Colleague: 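Attaching a single structure in C-alpha cells format; questions to follow.
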Protein chains: 2
Amino acid sequence: MLCIDRYKMRGMTSTTTRGRPRGFDRDAALDQAIRLFWRKGYEATSVRDLSEELSLRQPSLYNAFGGKHALFEEAVGVYDRRYGGFIDAALDEEPTAPQAIRRILAEAPARYTREGLPRGCLVAAGDQGTDDERIRTTLSRLREQKTDDIRRKIETDMTAGRLAGSIDAAGQAGYVMAVLSGLVQRARDGAPRRELEQIAGVASVVLP
Amino acid sequence: MLCIDRYKMRGMTSTTTRGRPRGFDRDAALDQAIRLFWRKGYEATSVRDLSEELSLRQPSLYNAFGGKHALFEEAVGVYDRRYGGFIDAALDEEPTAPQAIRRILAEAPARYTREGLPRGCLVAAGDQGTDDERIRTTLSRLREQKTDDIRRKIETDMTAGRLAGSIDAAGQAGYVMAVLSGLVQRARDGAPRRELEQIAGVASVVLP
DNA sequence: TCCTTTTTGTATCGATCGCTATTTAATAGG
DNA sequence: CCTATTAAATAGCGATCGATACAAAAAGGA
C-alpha cells in the first residue's frame, strides 16, 4: 500500500522518499491510538494493546511514532482538534460568556457519551492512574488553558459592562471545569446520558 | 514486638494464639497502605511500593492481608470510616438537605487538601487508571451509595414539605457528587485550597 | 544491475509486575 | 524437652511491561 505522506514538499519542489513504502495509513492508525488512549487512559494502555488495535507490529509502531509517550503526545494534540473542540467553539461563536458556558454545559452530556466513541474526555481523564510526570503536565496544562479561556471570556463581558464587576471570573471558570470533570467521571462510570443532562441542568442554574 | 490483636475472644473465654507472634502493628501498616493507595491509586501502587512503605517483606504482607486486591478492599473499608465520613456526618447531623449539602460543599475543599494526608479522596479517585473490574465496581458502588444518601435526604425534605415537590432530587444529588468529583480532580492536580473554596462557593449558589 | 534507504517480521532484551515455595525463627501446648 | 503452629527472610516463579537488534523485503537513484 502507498503511504499518504510519502510525498513531501522540500523547498519549492515536491520530492519522493526512498526506501520501502509504509504499509499502513499513519493517520488512521493514529486515530485508533487516540480512541484506545481515550478509552483506557495512558497507563492502562500497553504497547501490545496498541500494536493489536492498530494491526501493527511493535517495530512498525516505534518506527512510525517513536514510542508510547511520543504517540500519546501526538494523539492528544490531534484529539484536542478533532474531538475536543466543543469548548473552544462555544467560546468563539457565542457572543457572551453566559451563553457560551450554557452551551458548553448543554453540549457536554452528549459529547461525553457519543455513540461509537469512548466515554468522557481524553484531556480530562487520560492521565488518571499514571505516575509519569510528563503525561500529567501535558494534560494539566491543556486543562489550565481551557480554564483560562473561559475566565477571559467572562472578564471580557465584565469590562464591557455586560456582567457585574463583582463576579469571581476565576471561580466561575474553575467551577465550569470542575463540573465538566465531574461529568466525565460519571460518564466513565457508565452513567446514562440522561443523568449527565440532569446534572448539567442543575449546574447551569448558577450562571448569571 | 507483640501483636495487638494476638489475643482473641473465642466464645466466652479469652485465648492466646500459638506460633510466632507478628512483628509489626497490623493496624498501623494498614493505615500506611490506605495513604499510599489514596495518594497513587490502586493501579499505580505496586506490591513492592507497599512492601517498602510499610517496611514489610512481601511474604509478610501477603500473610497479613492476603494480596494487593484484598488489602485494597480492606483499606477502602477503613478509609471510608476513618477519613471519608464527612458526607455521612453532614447528612446525619444537619436537619435539612440544603444545610447538609452546603456543609458538604463547604468542608470538601479542606477535606481534600489536608496537611499530612494525600489530596483528594480514595473512593472518588482510587480506581482511576485500572482495568480491574472488581476495583471499579467496589468504588463505583460506594459512590452510588453516597449519591443515594444525598438523594434520600432531599426527598425527606420534599415529603415533609420543606422543599418544593418539583425539585429533581436525583439530579441535585448527582450534581453534588459531580462537583465533589471535580474538586477531587482539581485537588489532585495540585490546585490550592483557596481555588477549591472558590469553586465550592460558586457551586453552592445553585442550592435551594 | 547494484547500492542506499526505509519498512517489515521475528525474536527477543532487561526491568518490573503480582505472587509464592521454601527454609529458618519464635512462640504455645504437651 | 518435643511437637505444632505461625511469622519472617531469602529467593525466585511465570507473566507482562516498554523498547530493540537483526535480517529480509521493497522501493528509488545511480
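Owing to the predicted nature of the structure, the values given are computational and were not obtained by experimental measurement. Labels below follow one simple rule: chain letters A, B, ... track the order of the sequence lines, proteins then strands, and each chain is numbered from 1.
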Colleague: I need the OH-C1' distance between B/Tyr42 and C/dC17, as an integer number of Å.
Modeller: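 Those two atoms, OH and C1', are 11 Å apart.
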Colleague: Figure out the CZ/P separation between B/Phe65 and D/dA8, and round it to whole Å.
Modeller: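 Rounded to the whole Å, the gap is 11 Å.
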Colleague: Taking the six-membered ring for Trp, are A/Tyr42 and A/Phe72 parallel (under 30°), tilted (30 to 60°) or perpendicular (over 60°)?
Modeller: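 Correct class here is perpendicular.
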Colleague: Can you tell me how the ring of A/Phe86 sits relative to the ring of A/Tyr112, calling it parallel under 30°, perpendicular over 60° and tilted otherwise?
Modeller: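 Rings of A/Phe86 and A/Tyr112: perpendicular, over 60°.
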Colleague: With the side chain counted from C-beta on, respond yes when A/Arg82 and A/Asp31 share a heavy-atom pair under 4.5 Å apart, and no when they do not.
Modeller: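 Yes, their side chains come closer than 4.5 Å.
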Colleague: NZ of A/Lys68 versus C1' of C/dA15: gap in Å, rounded?
Modeller: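 Atom-to-atom, A/Lys68 to C/dA15, this comes out as 15 Å.
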Colleague: Are the charged groups of A/Asp88 and A/Arg81 less than 4.0 angstrom apart, N to O?
Modeller: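 No, A/Asp88 and A/Arg81 are not salt-bridged.
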Colleague: Could you state the CG-P distance from A/Leu71 to D/dC17, rounded to the nearest angstrom?
Modeller: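 Result: 16 Å.
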Colleague: Any salt bridge linking A/Arg152 with A/Asp149? Criterion: basic side-chain nitrogen under 4.0 Å from a carboxylate oxygen.
Modeller: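 Between A/Asp149 and A/Arg152 there is a salt bridge, with a charged N closer than 4.0 Å to a carboxylate O.
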Colleague: Is it true that the NZ or CZ of B/Arg39 lies under 6.0 Å from the centre of B/Phe37's six-membered ring and within 45 degrees of the ring axis?
Modeller: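 Judged by the rule (NZ or CZ under 6.0 Å from the ring centre, within 45° of its axis), B/Arg39 is not positioned above B/Phe37.
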Colleague: What do the steps show when you test B/Thr130 against B/Asp127 for side-chain hydrogen bond (donor to acceptor under 3.5 Å, both in side chains), and what is the final call?
Modeller: CA-CA 6 Å; B/Thr130 185; B/Asp127 59 344; over 6 Å; no
Colleague: Go through residues 45-64 of chain B and report each residue with a non-hydrogen atom lying under 4.0 Å from DNA chain C, sorted by number.
Modeller: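 DNA chain C contact set from residues 45-64 of chain B: B/Thr45, B/Ser46, B/Val47, B/Arg48, B/Gln58, B/Pro59, B/Tyr62.
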Colleague: Enumerate the protein-to-nucleotides 3-5 of chain D contacts in which both atoms are nitrogen or oxygen and the separation is below 3.5 Å.
Modeller:
unit_1	atom_1	unit_2	atom_2	d
D/dT5	O4'	B/Arg18	NH2	3.3

Colleague: Just the rounded figure in Å: distance from C1' of C/dT16 to CD of B/Glu43.
Modeller: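 Taking CD of B/Glu43 and C1' of C/dT16, I get 13 Å after rounding.
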Colleague: Name all pairs fulfilling the salt bridge (charged side-chain N to carboxylate O under 4.0 Å, His left out) condition that reach into residues 104-114 of chain A, sequence neighbours left out, sorted by first residue then second.
Modeller: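 Matches after skipping sequence neighbours: A/Arg103-A/Glu107.
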Colleague: In whole angstroms, how far is the C1' atom of C/dG9 from the CZ atom of A/Phe24?
Modeller: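 Going from CZ in A/Phe24 over to C1' in C/dG9 covers 14 Å.
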Colleague: Would you indicate whether the side-chain heavy atoms of A/Leu117 and A/Trp38 approach each other to under 4.5 Å?
Modeller: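 They are in side-chain contact.
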Colleague: Atom CZ of B/Arg134 to atom P of C/dG18: distance rounded to whole Å?
Modeller: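 After rounding, the gap between these two atoms is 12 Å.
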Colleague: What's the CD1-P distance between B/Ile135 and C/dG18, to the nearest Å?
Modeller: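 Atom CD1 in B/Ile135 sits about 12 Å away from atom P in C/dG18.
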